[in-house]
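Below, chain A is the first sequence line, B the second, and so on; all start at residue 1. This is a predicted model, so every value here is computed, not measured.
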2 protein chains.
Amino acid sequence: MPNRTGKAPGGRGAVETRLLSAATRLFAEHGFERTSVQEIVDAAGVTKGALYHYFGSKDDLLHEVYARVLRIQQERLDAFADADAPVARRLRDAAADVVVTTIDHFDDTTIFFRSLHQLGEEQRREVRAARRRYHERFRALIEEGQATGEFSDAVPADLVVDYHFGSVHHLGSWYRPDGRLTPREIADHLADLLLRALRP
Amino acid sequence: MPNRTGKAPGGRGAVETRLLSAATRLFAEHGFERTSVQEIVDAAGVTKGALYHYFGSKDDLLHEVYARVLRIQQERLDAFADADAPVARRLRDAAADVVVTTIDHFDDTTIFFRSLHQLGEEQRREVRAARRRYHERFRALIEEGQATGEFSDAVPADLVVDYHFGSVHHLGSWYRPDGRLTPREIADHLADLLLRALRP
DNA sequence: CAGACCCTACCGACTGGTTAGTATGCGGAC
DNA sequence: GTCCGCATACTAACCAGTCGGTAGGGTCTG
């Protein structure tokens, strides 16, 4: 039963946080399998004892990264989808936000999209289920617009969802912080492409 | 300097082929790092001696998979881009074909998009360069249409390319052979989304 | 207030198992 | 007879996870 020091009332202890962020960076940089537990603890300035005090296994660390990014993205999508605005506006905002959020948590999302298959069977199912909820929420927005005739229904909504998240997923392959466009500009363009594709 | 048996004049020997396809299947199924050389040779019905007779290393096998899929896709893109037809037609055909080809070589492309970061530095550069050529060819098609006014230029062509290939890349995450749509239908829909997004 | 006790947080050496790659041998085709 | 195509047995390295240990702050007791 991991800690909860008096120092940090709501969150994690300092060592725990350092371990998690060191792991995140190294996983994103070299991949999960190519990162040894020793490298992680060295980068965090502690030893294996500390790691296994806070985490059950190396897989556990990976799972924590997933849980964090899933939670953040779901919360943000819900907020945008629940807003009081026309459906086209809500969809555009949500579509752009996921791009910005993905770039803001670049290491996490890189790992997320690259290492799903490393997770154990049960954890993978868990992540998939969360991911499905997320996609369904997004799809509901598109279907809403299709029902009112604001969006074309030439292409099935779930395919449109995969089309858009494909591009988000793909960001890890080409986005560079020193690139020509800012994250916000990229997000606006990608959201624009989605809305353009949905014009009747 | 690998073989070239009298039996298969143009291509590879039977053992070499079996090794490569066993490796491809296992890499796609469990990932590169989680597949041991022993598993590969067992699946191919040979021993390590055979593998190291034909390939220099485990990484070498991965690289072969990459080279094969790159060659196939580049050839097909060139054929479609060089066709004698309006640019919208050529783009649509090329965009749909890459989807079908990706599904037809599902194991190869799954590995391709998932394991790039496992490659050594030099081989990775090589693959990136080939990939860039590929994208540039595709981008040229879009720019051609933008120049004539047939396509909207609201979004930069290179972003549009990444948008589309994002969805192709992403296929490995959701496509299932027993799904509702045939590969051809999926391809047509995705190409349709691209062309729709490019309407002025 | 002192001392006994304890518990959290962490250390670091060790282990058992796995792995990529190698060294050597051998049978059959030419 | 010799060389190609592969088998077999081996090794050196590595790595996730374990385990006994301990520093030091807190708490309980007399």
Exercise. Relative to B/F27, does B/K58 satisfy both conditions: NZ or CZ under 6.0 angstrom from the six-membered ring centre, and within 45 degrees of the ring's axis?
Worked result: no
For this session: Take atom CG of A/L51 and atom P of D/dG17, then tell me their distance rounded to the nearest Å.
Result: 9 Å
Exercise. Has the side chain of A/R199 got a donor or acceptor atom that lies under 3.5 Å from a matching backbone atom of A/R196?
Worked result: yes
Exercise. Does the side chain of A/E150 pick up a donor-acceptor pair with the side chain of A/T148 at under 3.5 Å?
Worked result: yes
Seminar exercise, completed: Whole-Å distance, B/H53 NE2 to D/dT8 C1', equals 16 Å
Seminar exercise, completed: Separation of D/dA16 atom C1' from A/D60 atom CG, nearest Å, is 14 Å
For this session: Determine, for nucleotides 13-30 of chain C in 5'-to-3' order, which nucleotides have protein heavy atoms under 4.0 Å from the base (write B), from only the sugar-phosphate (write S), or from neither (write -).
Result: ------SBBB--------
Exercise. Any idea how B/Y163 and A/Y163 line up, ring-wise: parallel (<30°), tilted (30 to 60°), or perpendicular (>60°)?
Worked result: perpendicular
Exercise. Of all residues at least two apart in sequence or in a different chain, which pass the salt bridge (charged side-chain N to carboxylate O under 4.0 Å, His left out) check with A/R34?
Worked result: B/E33
